[in-house]
There are 2 protein chains.
Amino acid sequence: MLLTQAEENYLKAIFKINEKTNKPASTNAIAKHVSTSAASVTDMLQKLSGKSLIHYEKYKGASLSESGNKTATQLIRKHRLWEVFLFDKLKFPWEEVHDIAEELEHIRSDHLINRLDNFLGNPRFDPHGDPIPNAEGKFMLRNQSTLESLPIGQKCMLVGVTEHSVPFLQHLNGLKIKLGTQIKILEKQSFDRSMIVELDTKTQVTLSHSVVPNLLVKLI
Amino acid sequence: MLLTQAEENYLKAIFKINEKTNKPASTNAIAKHVSTSAASVTDMLQKLSGKSLIHYEKYKGASLSESGNKTATQLIRKHRLWEVFLFDKLKFPWEEVHDIAEELEHIRSDHLINRLDNFLGNPRFDPHGDPIPNAEGKFMLRNQSTLESLPIGQKCMLVGVTEHSVPFLQHLNGLKIKLGTQIKILEKQSFDRSMIVELDTKTQVTLSHSVVPNLLVKLI
DNA sequence: AAATAATTTTAGACTTGGCTAAAAATAACA
DNA sequence: TGTTATTTTTAGCCAAGTCTAAAATTATTT
Ligand SMILES: [Mn+2]
Ligand SMILES: [Mn+2]
Ligand SMILES: [Mn+2]
Ligand SMILES: [Mn+2]
């Protein structure tokens, strides 16, 4: 089926809300995601329901149907592959790739995205460490923990971030922390839940509680 | 100014018609270019005129204003750079790049297009031999002739095509003719204006009059 | 269990970009 | 120079996607 850019954006929003909450996406939650009014969301939910892309019941929120899920997954695949292109090939900083990928993800050509995937070396993760579904829509899983959950003395490596805002990513830039950076936990302050860690550059940095829970790491 | 995709497409159409005819673009000519009705074109011409992107007088056709020209040139720059990306990097055949570039050209980010230009090695011509304007909008000129105008015995090299249709480009594929192919003129048939040429592969082929005038060559 | 608050839906309107049919202007022809 | 033919514009309509304001429903308090 041929979907408009608007319809695609709603499906992606519902996907992300469903994924995070494991519940039907509420009208208001969707409205925030796509930056529009609740009334507009209701209109669109009725349309998407009519096209059998979502399951929707008045006042009960929306979740993706099988075909809606497939569409949303392909969109995420395109988004993340374009992010890899921008980051790896065009050398954009990781905090700038998302907005451009929001536009590129709507280019319609299976041929294009599969060649791009190949050109990039079939990457499994995007510049923020998020998994890239393959052409069949399968997400790659990975053993990962949040840095917060690890004990003093543990060594690990940054493999992802759960927060994608520009200020947060720039903050990490300032700390010289990026994907692949090795981290050893030296101290955990129970008072303010900050953490003192040593990086692979031998420098010590303090990570506040607005940083620590957003870092996904692999044990080493 | 922020333009819609539709507005951009109209500006590009007017640019191309102006370029080819050296006259204001007629409503009908534009309608053919953007595949729409004459009535819709009139509507849009009034809108573009209101935004000072074109010079337009009822019944007299349209031509680009300075700002309209700048916009159209940047679009062509984006279109042709994306074509180079698709052809050089993703290895698409030259007859498939145009349609995808029609979508990619509307992605808005100066940052992106300048990095792409750099990544591609600042190419001056696209996969069809058309010049790529630089960031300031300047087109590179080149000494070229149409194959038709050359005498028997002349050696030359294909540098561009004036026809971009899929069947035409596939026909050239079949003849093993691509940009860079060297051509020597062996015979010119005055009856049907066909031409017998020898390629750099030493093979001889006959080029009909629906092919010859569409080949742009450089003398060697 | 009411009353109040928050969320969601409906109703009605607007903008963009398209359409067809009819009117007006221009071009071509006899 | 009239008379046709063609082109262009106007007029009126439509679908998508948005909005605000009001009504309906559901959730939260007292
Ligand atoms: Mn992103
Ligand atoms: Mn990402
Ligand atoms: Mn093209
Ligand atoms: Mn081209």
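Note on naming: letters A, B, ... go to the chains in the order of the sequence lines (proteins, then strands), and numbering restarts at 1 for each one.
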Check: Hey, are the side chains of B:K218 and B:R142 touching, using non-hydrogen atoms and a 4.5 Å cut-off?
Finding: no

Note to self: Looking at A:R193, I'd like to know if its CZ atom is crowded, meaning that more than 12 non-hydrogen atoms belonging to other residues, nucleotides or ligands lie closer than 6.0 Å.
What the structure shows: no

Checklist line | Closest non-hydrogen atom pair, B:V84 against B:F125 | finding: CG2-O, 3.8 Å

Checklist line | Closest contact, heavy atoms only, B:H209 versus B:P213 | finding: O-CD, 3.0 Å

Checklist line | side chain to side chain donor-acceptor pair (under 3.5 Å) between B:N28 and B:S26, worked out | finding: CA-CA 5 Å; B:N28 259 356; B:S26 74; over 6 Å; no

Notebook entry, point to check: Looking at A:T36, does any N or O in its side chain come under 4.0 Å of the phosphate oxygens OP1/OP2 on D:dC19?
Noted result: yes

Check: Roughly, in whole Å, what's the span from NZ in B:K51 to C1' in C:dT16?
Finding: 10 Å

Note to self: Output one letter per nucleotide in nucleotides 6-16 of chain D: B when a protein non-hydrogen atom lies under 4.0 Å from the base, S when only the sugar-phosphate is that close, - when neither is.
What the structure shows: -SBBB-----S

